[in-house]
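Just so it is clear: chains get the letters A, B, ... in the order the sequence lines come, proteins before strands, and each one is counted from 1.
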Amino acid sequence: MVNEREVKYDEFARFILPVGPVHPALKEPFHLKIIVKREEVLDVELRLGHVHRGIEFLAENRNLIQAIYLTERICGICSHSHTTCFIQALEEVGGLKPPERALYLRTLIFELERAHSHLLLLGIMAYQIGFDTLFMYTWAAREKVLDLFEEITGNRIHHAMNVIGGVRWDLTPKMAEKTIRVMKDIEVTTRRIYDFFRGETVEKRLSGVGLLSQHDAHELCVVGPTARASGLVFDVRKDDPYAAYGDLNDSFSVISKKEGDSYARTEVRILELFELINIVQAALDRLPNGPINLGESPVRLMRRIPRGEAISRVEAPRGELIYFVKTNGGDGLERLKIRTPTLANIISLKKMLIGCEIADVPVIVTSIDPCLSCANRITLVDHETGEVKVVNADELRRKKS
Amino acid sequence: MWKIASRSRIKSPWIFHLNTGSCNGCDIEIVAALTPRYDAERLGCVLVGSPRHADVLILTGPLTSQMMPRVVRVYEQIPEPKAVVAVGSCAISGAPFLGSYSIEGPLDRIIPVDVYVAGCPPRPEAIIRGIVTAVKRKFG
Amino acid sequence: MIWEALKSLFKKPLTVQYLTKPDEKVPVPERYRGKISYNRDACIGCLLCIRTCPAGAITADERKVSFSLDRCIFCGQCSETCPRKAIEITSKFEIVVYTKSEIASQ
Amino acid sequence: MIALEILLATLPLVFLLSLLFEGIDRKVHARMQRRIGPPIIQPFYDFIKLLVKENIVPTTAARSIFNASPSLAAASSIVGAAIPLANLIARTGIIGDLILVMYLLTMSSIMIVVGGSSSGNPYGAVGFSRKIMMLIGYEIPLLISVVSISIKAGPSLIYYDIILAQIKSDKCLACAYISSATAALTFLLCISAAVGVVPFDIPEAKTEVIHGPLIEYSGPQLALLKLAKSSTIFSLSLLAFTLFFYFPTIYELSIVLGEIATLGACLLGSLMVMLLTVTLPRTVFARLKIGQAFKTYWFFPLPMAITSLMLSVLGW
Ligand code: SF4
Ligand code: SF4
Ligand code: SF4
Ligand code: SF4
Ligand code: SF4
Ligand code: SF4
Ligand code: SF4
Ligand code: SF4
């Protein structure tokens, strides 16, 4: 909604530029209505909901095992975060304790996933500023991580790693060796990528663009690298350790930057890549022996989960991911509620976008690393107050008809 | 003469990719197909930004109700001749999202699909093969 | 960057020339979850796989089961659930078809 | 006075060469990214494919301008490339042909954005305003550098005279005079903006304005626009090479090996120029913002061009 009081313009110089839902800068559909004057952005309006699939609703109608795969398919980039978060909640309800080795393997995949996700973002960022070569470089490096996934879990994207009470695939010594090797490679490449990002043209495009002050970041409840780049030090892995992060606490530190611009957000991700390489190495060093799951049939385990509820959170690549799970005592779910990181972050877009140039829009949007397949639940009407209006499924359906 | 035209068409499929509610899994694999490892450009594939430039429409996702009118519009915007490739299991049948109130899919209820590439997500190689198969069949 | 680019000019490209060179392919690892194969004789008809398939790809069929592979999301859960190991995951991944019904036969 | 026939005969040659140049550009670009890249004749496939595709004219477009501008753009850039090539072959020239060529090339890039802004798409309009900004940025240094070199070579505004001057003086102009060297540098720097590739593809940025002016074009119209672009690249690289780096040895080649060798050497040289000024920057730089690009041109090539002009007037 255009705020008429605030927008001063001569009628002819201003026009509305629709960005999305189908736009090459956005790999996924969401709609930004941008009101511009020549090159300057005066106002933005954000509309989500194009990929809403009603997963929470679907999960409530399926049994727990089916729901695992459903949560995995909320998103292809942090699929493992979703299943981990979900299964942690189930295990809490059921009082199941996965064996140590399983926790370590979960952590391992988790960090590899962060590696692939961060490299992906760096590539997309380069692509947005027209730097195809850098995009190709980072994505070529990312392929190595995907190869690891494929070898360990059998798929490049949807790992199907987690089962109730443990993990499904074990790590053979050969794979462990390869993982170490790949991590070394990634470290070298990341170093080089870091150099490219510090290079003249790239830094020019990113620094000072899309400022989000610490105060605003706090106010808008942003999470993950977006928050950390605005000076908030907050990381679920440290603050509320899950899986094996408690044991690995000494192997990494939380990266935080003060600047709060797109460059800082990118830099935080690059530095996190170095941290996660340490985590992976530490995890492989300390990897205990033993079983990788409870060894019972999945169907029996599923039936053992009583009625109850739990909240679980993990630090997905894009920030804190929260699951609220309420089981019905049979083998199904009574309620599933997911708070995804992008949804928390996307609200901050409006703050960042107003006043920037058209050329900065893709940069800023990418810098919070939005991937909307999890964020599509609401229609957001955001005025100066930062107020959020949630439109539920019924309303959405009514709107459609 | 006609042979040259059809050969050129096969050799230069320009792709427009549309996400109809997918989980990103297939989308990133499509992008991965353009990167050095798979390099779809050696077969002439280029990802274009406007449907008006495209020859091949790649669709992913189970088709949510919000995206449905847009899919139709994009399909109509692509100049003839055009091919449609549905990538991923959820584009083929809507599974595992079938049964949701906001899913209109499967895709082929709305627009004609020439080639289906199964997988969740399919490997980039399979996607490339899907594109090549589609243009060969449609334009050959 | 300039150096890097010029150096790459003379390095071997990373591309795996799938389709343009015969038999070139990114290696498919052993665990790859591709198309499933079903051994009807080993199946005892317990129908557990139907209960756990997240995509509804399995239906009961004459005391045993049948698969609609166009719905399969290649998760491998059925193979894990099956007490008789009647379902196996193969590493076949190039499932490219003209009509949905062909998926099973590919 | 060159015969009209020669000019006409070079038109298809320009067409072939500019698409070939584009193919090589794409291949080298890909190799620098460690990819195989498309086959070198890929632009021909693209061109033919687009030519036989359906042409859609959006209802919001101002029809006549929308339809006419691609052909005009393509025609002027092809003629703009054909004149120097024909002159090279025929070894003559007409008065003012250099100015005509520069005018045609500018015309072509203006036609592209005019067509885009007539499409009624807001992105086309953004592309238009960006292009005009860019035009002011690079066109002035570009023209000044041409003027400076023509003062050195005569003064004469005949393209072939400048080449003759280089043959006579036994040195290529860029090596002979400081003023010409700076002019050459200016010209080279301006090429990537004039043809609109990364880092200066701002009017057509894919992720920002979805190909800007090209967004609504499809089929044959798009083919013509692409052709206009690649023949502009070809023409500017040819000009840059022959105006500044025409070593007399190239001329002597024709005595030994026949005229075709001279032409071949010129084309090879301009290929080098293209790789250096188009392919390399677009591989190793990120896209600039319009303000940054504008500044870049006013702070660096413009003063350089003016210096070069003054130096050449002073006879350096
Ligand atoms: S619309 Fe409501 S019920 Fe449906 S999935 Fe979203 S939050 Fe759940
Ligand atoms: S956006 Fe949220 S509610 Fe909608 S499908 Fe995705 S996870 Fe479910
Ligand atoms: S739901 Fe969002 S806005 Fe509300 S308190 Fe939580 S993070 Fe803040
Ligand atoms: S933020 Fe959401 S869509 Fe993006 S990777 Fe995470 S879960 Fe997936
Ligand atoms: S936002 Fe409101 S309606 Fe939606 S899930 Fe939360 S409490 Fe329920
Ligand atoms: S097929 Fe699978 S990976 Fe592809 S979009 Fe659908 S759920 Fe995601
Ligand atoms: S692999 Fe998964 S989706 Fe496919 S049939 Fe088995 S359980 Fe169902
Ligand atoms: S779980 Fe195995 S044995 Fe049971 S019905 Fe399925 S295939 Fe047959």
Side-chain angles (χ1 to χ4, degrees), chain B residues 1-18 27 31-57 70 73-84 124-125 128 131-132 134-136 138-140, chain D residues 19 22-23 25-61 66 116 119 121 123-124 127 201 204-223 225-226:
Chain B
M1 185 61 219
W2 191 242
K3 242 184 160 166
I4 298 177
S6 91
R7 190 174 159 72
S8 310
R9 279 181 183 147
I10 290 171
K11 286 283 189 179
S12 137
W14 287 5
I15 302 164
F16 187 79
H17 161 226
L18 185 61
D27 310 60
V31 181
L34 302 171
T35 56
R37 179 80 165 286
Y38 302 98
D39 190 25
E41 202 185 352
R42 82 202 132 90
L43 300 164
C45 306
V46 186
L47 202 62
V48 292
S50 161
R52 297 236 191 265
H53 304 180
D55 308 297
V56 180
L57 176 62
R70 286 171 177 102
R73 210 169 79 207
V74 166
Y75 180 75
E76 280 165 357
Q77 276 181 349
I78 296 179
E80 293 285 353
K82 55 195 162 193
V84 179
E125 285 168 315
I128 293 178
I131 298 167
V132 171
V135 291
K136 278 215 179 111
K138 200 72 200 251
F139 307 147
Chain D
L19 288 188
E22 193 197 333
D25 165 58
R26 278 174 69 177
K27 188 85 184 174
V28 173
H29 180 62
R31 289 307 295 266
M32 286 203 238
Q33 299 174 340
R34 303 200 64 186
R35 297 187 286 130
I36 298 273
I40 286 178
I41 50 168
Q42 184 66 42
F44 293 94
Y45 290 139
D46 290 348
F47 185 79
I48 298 171
K49 176 206 71 180
L50 285 172
L51 216 54
V52 291
K53 239 176 129 59
E54 186 190 359
N55 184 15
I56 298 178
V57 181
T59 45
T60 46
F66 185 84
S119 68
N121 190 306
Y123 287 109
D201 70 335
E204 290 163 25
K206 181 168 150 194
T207 49
E208 291 164 20
V209 292
I210 330 186
H211 304 296
L214 306 185
I215 179 169
E216 290 289 351
Y217 281 107
S218 59
Q221 307 271 41
L222 186 63
L225 289 173
K226 296 253 172 203

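Side chain of Gln42(D) to backbone of Lys11(B): a donor-acceptor contact under 3.5 angstrom is found.
For Ile36(D), the parts lying near chain B are the backbone and the side chain together; criterion is any non-hydrogen pair under 4.5 Å. Using a 4.5 Å cut-off between heavy atoms, Ala40(B) does not touch chain D at all. Only the side chain of Leu50(D) comes within contact range of chain B, judged by heavy atoms closer than 4.5 Å.
Interface summary for chain D: among Gln77(B), Arg37(B), Glu41(B), the most heavy-atom pairs under 4.5 angstrom belong to Glu41(B). Looking only at heavy-atom pairs under 4.5 Å with chain B, the residue among Leu222(D), Leu51(D), Ile48(D), Asp46(D) that has the most is Asp46(D).
Annotation: side-chain contact (heavy atoms from CB on, under 4.5 Å) contacts of Pro124(B) (sequence neighbours excluded): Arg156(A), Glu29(B), Ala32(B), Ala33(B), Tyr38(B).
Among all heavy-atom pairs drawn from Pro36(B) and Arg35(D), the shortest one is CA-CG, 3.4 Å.
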